[in-house]
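Below is one structure, written out as structure tokens, with a few remarks after it.
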2 protein chains.
Amino acid sequence: MARVQRDGGDDSAPTTELPAVRDQDPSAVSEPVTGSVNGRKVPMATDKARAIPEAAVARLAVYLRVLSGMAEQGAVTVSSEELATAAGVNSAKLRKDLSYIGTYGTRGVGYEVDVLTSEIERVLGLTGQQKVAVVGIGNLGHALANYGGFPGRGFPVEALFDVDPDLIGIPVGGLPVNHIDDIPDICAKRKIAIGVIATPPTAAQAVCDRLVDGGVHCVLNFAPVVLQVPEHVEVRKVDLAIELQILSFHVARNAEQRASRRAAAARASSNGEVV
Amino acid sequence: MARVQRDGGDDSAPTTELPAVRDQDPSAVSEPVTGSVNGRKVPMATDKARAIPEAAVARLAVYLRVLSGMAEQGAVTVSSEELATAAGVNSAKLRKDLSYIGTYGTRGVGYEVDVLTSEIERVLGLTGQQKVAVVGIGNLGHALANYGGFPGRGFPVEALFDVDPDLIGIPVGGLPVNHIDDIPDICAKRKIAIGVIATPPTAAQAVCDRLVDGGVHCVLNFAPVVLQVPEHVEVRKVDLAIELQILSFHVARNAEQRASRRAAAARASSNGEVV
DNA sequence: TGCTGTGAACGTGTTCACAGCT
DNA sequence: AGCTGTGAACACGTTCACAGCA
């Protein structure tokens with residue numbers, strides 16, 4: 001029961017449609033796998049050891065991007081230290097992350113760039129194409145429909161939807177916009193794997209339901225609402241307003257610290273203490 | 001030392017400019033505040049107890065949004081259970097989160113919506129306005145410049161920048177675009193608090209440096225690169241391609257599980273076992 | 001010698017369960 | 001009786017430090 005939406009549940013942006021950042025996810029990737037419920041938690045052999053921490057999965061995607069940059073520059077092997085630095089993590093964490101997917105390095109040497117690349121792609125399920133549908137062709141939807149990084153990384157945008165009659169039929173990024181009522185049909189026909197919701201928050205839940213009806217199992221939600229979905233559907237959230245508020249918190253905290261450090265310094269100097 | 005960029009360092013999107021999701025951040029918000037402890041690590045009285053976990057901060061922003069919705073509907077008080085459900089978390093976590101900012105509830109009753117709202121706003125530093133600059137007026141930059149959720153939540157967009165000469169001077173969302181060479185000047189003059197980078201990845205670091213020169217302490221980075229910044233600067237990252245790859249991982253994992261469950265079921269049934 | 005792979009220690013964040021007000 | 005606030009248990013994720021292989 002309980003677990004309705006995989007994201008711990010953080011969201012934000014008040015009103016409109018351009019939301020943005022958020023991700024993170026407390027639950028381990030592997031499986032909440034609570035067998036029988038609260039009574040206790042059944043061990044429930046989670047198949048293999050598909051136990052890659054969520055946080056590690058996110059970083060693997062980063063390593064992949066860094067690796068592709070290195071491959072372009074002709075690198076053949078990388079050490080954990082090099083790769084870690086380029087990805088902005090420490091080498092111990094990088095090695096631990098890589099150890100979750102297998103052992104593909106050579107001791108005393110490092111990793112072969114192309115081997116590592118394809119292993120990470122395999123684990124992330126990036127060997128095939130995952131078709132994407134974008135719903136809500138406002139400012140953000142336009143941006144997403146035209147985003148080059150999608151098709152370039154195996155995520156071709158293959159359907160667009162909106163409610164606005166003026167938009168229906170208009171091509172955006174070479175693809176015509178369809179009405180949201182056609183979501184279930186079209187998604188099923190075109191085998192859409194991932195639905196991106198870029199609608200105003202009020203429309204998001206209805207859109208999400210239709211995506212699920214169309215057989216979509218993964219949703220990337222830019223609308224600032226908590227979506228209710230069946231258990232087999234994966235939702236990730238991106239909420240710009242929340243990101244800004246988090247930054248705001250850090251500004252406030254730093255300002256406070258500076259202030260109290262000043263106060264402490266003043267106190268200390270008036271006491272003749274050495275700081 | 002060490003900590004160059006607050007985000008653990010995950011990023012992604014390969015090529016272009018519309019990147020997207022990522023956040024999370026391992027480090028505790030407050031302070032490692034390790035007493036003197038074994039190795040050592042100076043006691044370093046971390047001022048008050050500004051020890052709010054990063055994850056809790058993100059959720060506080062969510063609660064805030066939910067609360068504003070409730071206030072609109074005329075709610076005066078909420079129980080932790082109601083608020084938690086609406087925010088998509090469990091009530092224990094919600095109460096714990098709220099306990100970090102103080103005790104503003106009434107036992108046996110719940111929380112007053114307006115009190116809680118203003119307390120969260122205070123902690124998040126949302127009492128004043130934080131001026132925002134958007135750099136890179138492509139598809140995403142346009143979307144961000146027009147995003148209603150920014151000004152509506154105390155984050156007015158007050159400067160736009162790009163390199164493209166054709167864009168300079170053109171008003172976007174009522175604000176003219178300036179050249180990125182003017183970033184330091186204009187940010188300093190207009191007291192910009194937060195810089196949003198929506199440029200192609202190749203330009204991101206240079207843009208970031210100029211923002212820092214202009215006195216910006218907080219950066220929201222949509223470009224798929226790991227930014228290097230001085231220690232006092234806070235960077236958050238949003239990388240769309242990474243989000244999709246994470247979803248992709250879950251698709252792959254679920255597919256595998258279904259497959260092996262089928263296999264197990266087949267095995268079991270051929271053994272005459274009851275599943 | 002050098003770098004990977006990993007068990008074990010550690011720290012952070014989540015959940016539990018109940019004491020304490022109202 | 002009900003709901004908050006919170007210490008304590010627990011789970012997850014990160015870091016350490018070193019054994020093991022090339």
Side-chain angles (χ1 to χ4, degrees), chain A residues 2-3 7-10 24-34 37-41 43 49 51-60 77-85 88-112 115-116 119, chain B residues 2-3 7-10 24-35 37-39 41 49 51-60 77-85 88-112 115-116:
Chain A
R3 157 138 109 58
D7 196 308
D10 32 345
Q24 151 75 318
D25 190 308
S27 58
V29 144
S30 62
E31 271 297 274
V33 199
T34 31
V37 209
N38 69 1
R40 48 232 44 121
K41 294 192 179 178
I52 306 180
E54 178 84 3
V57 172
R59 287 190 297 265
L60 284 171
T77 60
V78 247
S79 69
S80 61
E81 192 58 47
E82 290 170 315
L83 187 50
T85 303
V89 299
N90 68 39
S91 63
K93 191 187 281 184
L94 178 131
R95 288 199 304 278
K96 181 65 104 180
D97 288 344
L98 293 183
S99 79
Y100 293 127
I101 68 173
T103 109
Y104 302 104
T106 308
R107 292 171 195 240
V109 182
Y111 304 88
E112 276 186 57
V115 171
L116 202 50
E119 289 304 329
Chain B
R3 159 142 108 57
D7 198 308
D10 32 344
Q24 152 75 319
D25 188 310
S27 58
V29 146
S30 64
E31 270 295 279
V33 199
T34 31
V37 198
N38 64 5
K41 287 199 182 183
I52 306 181
E54 179 82 3
V57 172
R59 287 189 299 265
L60 284 171
T77 61
V78 245
S79 68
S80 62
E81 192 58 48
E82 291 170 316
L83 187 50
T85 304
V89 300
N90 67 40
S91 63
K93 193 188 280 183
L94 178 130
R95 287 199 304 277
K96 183 64 108 180
D97 288 343
L98 294 183
S99 79
Y100 293 126
I101 69 172
T103 109
Y104 302 106
T106 308
R107 291 171 196 238
V109 181
Y111 304 87
E112 276 184 58
V115 172
L116 203 50

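Since the model is a prediction, treat every value here as computed from it, not as a measurement. In what follows, every chain begins at residue 1, and chains take the letters A, B, ... in the order their sequences are listed.
The phosphate of C:dC3 has neither OP1 nor OP2 within less than 4.0 Å of any side-chain N or O from A:Ser79. Close to D:dT14, at under 4.0 Å from its OP1 or OP2, lies a side-chain N or O of A:Arg59. When the side-chain nitrogen and oxygen atoms of A:Asn90 are compared with OP1 and OP2 of D:dT15, one or more of them lie within a distance under 4.0 Å. Residue A:Tyr111 has a polar side-chain atom (N or O) positioned under 4.0 Å from OP1 or OP2 of C:dG5. The side chain of A:Tyr100 contributes no N or O atom lying less than 4.0 Å from OP1 or OP2 of D:dT14. An OP1 or OP2 oxygen of C:dT22 is reached within less than 4.0 angstrom by no side-chain nitrogen or oxygen of B:Thr106.
Evaluation of the salt bridge (charged side-chain N to carboxylate O under 4.0 Å, His left out) test over residues 100-110 of chain A, restricted to residues two or more places apart or in two chains, returns none.
Distance B:Glu81 CD to D:dT4 P: 9 Å, rounded to the nearest Å. Look at NZ on A:Lys93: it is 13 Å from P on C:dT12, rounded to the nearest Å. Rounded to a whole Å, the CD atom of A:Glu54 is 14 Å from the P atom of C:dT14. Whole-Å rounding puts the A:Ile52 CD1 to D:dT14 P distance at 13 Å. At whole-Å resolution of the value, CD in A:Glu112 and P in D:dA22 are 14 Å apart. B:Leu98 has its CG atom 9 Å from the P atom of D:dT4, to the nearest Å. The interatomic distance linking B:Ile101 (CD1) with D:dT6 (P) rounds to 12 Å, in whole Å. Distance, B:Leu94 CG to C:dG13 C1': 15 Å, rounded to whole Å.
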Checklist entry - Please walk me through it: do A:Glu82 and A:Tyr111 pass side chain to side chain contact (heavy atoms under 4.5 Å, CB included)? => result CA-CA 10 Å; A:Glu82 290 170 315; A:Tyr111 304 88; over 6 Å; no

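Shown here are the side-chain hydrogen bond (donor to acceptor under 3.5 Å, both in side chains) partners of A:Thr85, two or more places apart in sequence or in another chain: there are none.
No N or O donor and acceptor, one from the side chain of B:Arg107 and one from the base of C:dT22, sit under 3.5 Å apart.
When each of D:dT15, C:dT4, C:dG5 is scored by its nearest atom to the side-chain atoms of A:Lys96, the top-ranked nucleotide is D:dT15.
Place B:Arg95 and A:Gly102 on DNA chain C by their nearest nucleotides, and A:Gly102 ends up nearer the 5' end. Both B:Gly108 and A:Ala92 lie close to DNA chain D; mapped to their nearest nucleotides by heavy-atom distance, the more 5′-ward contact belongs to B:Gly108.
Atom CG of B:Asn90 is separated from atom CD of B:Glu81 by 8.5 Å, given to the nearest 0.5 angstrom.
Here the shortest heavy-atom pairing between A:Asp97 and A:Leu60 reads O-CD2, 4.4 Å.
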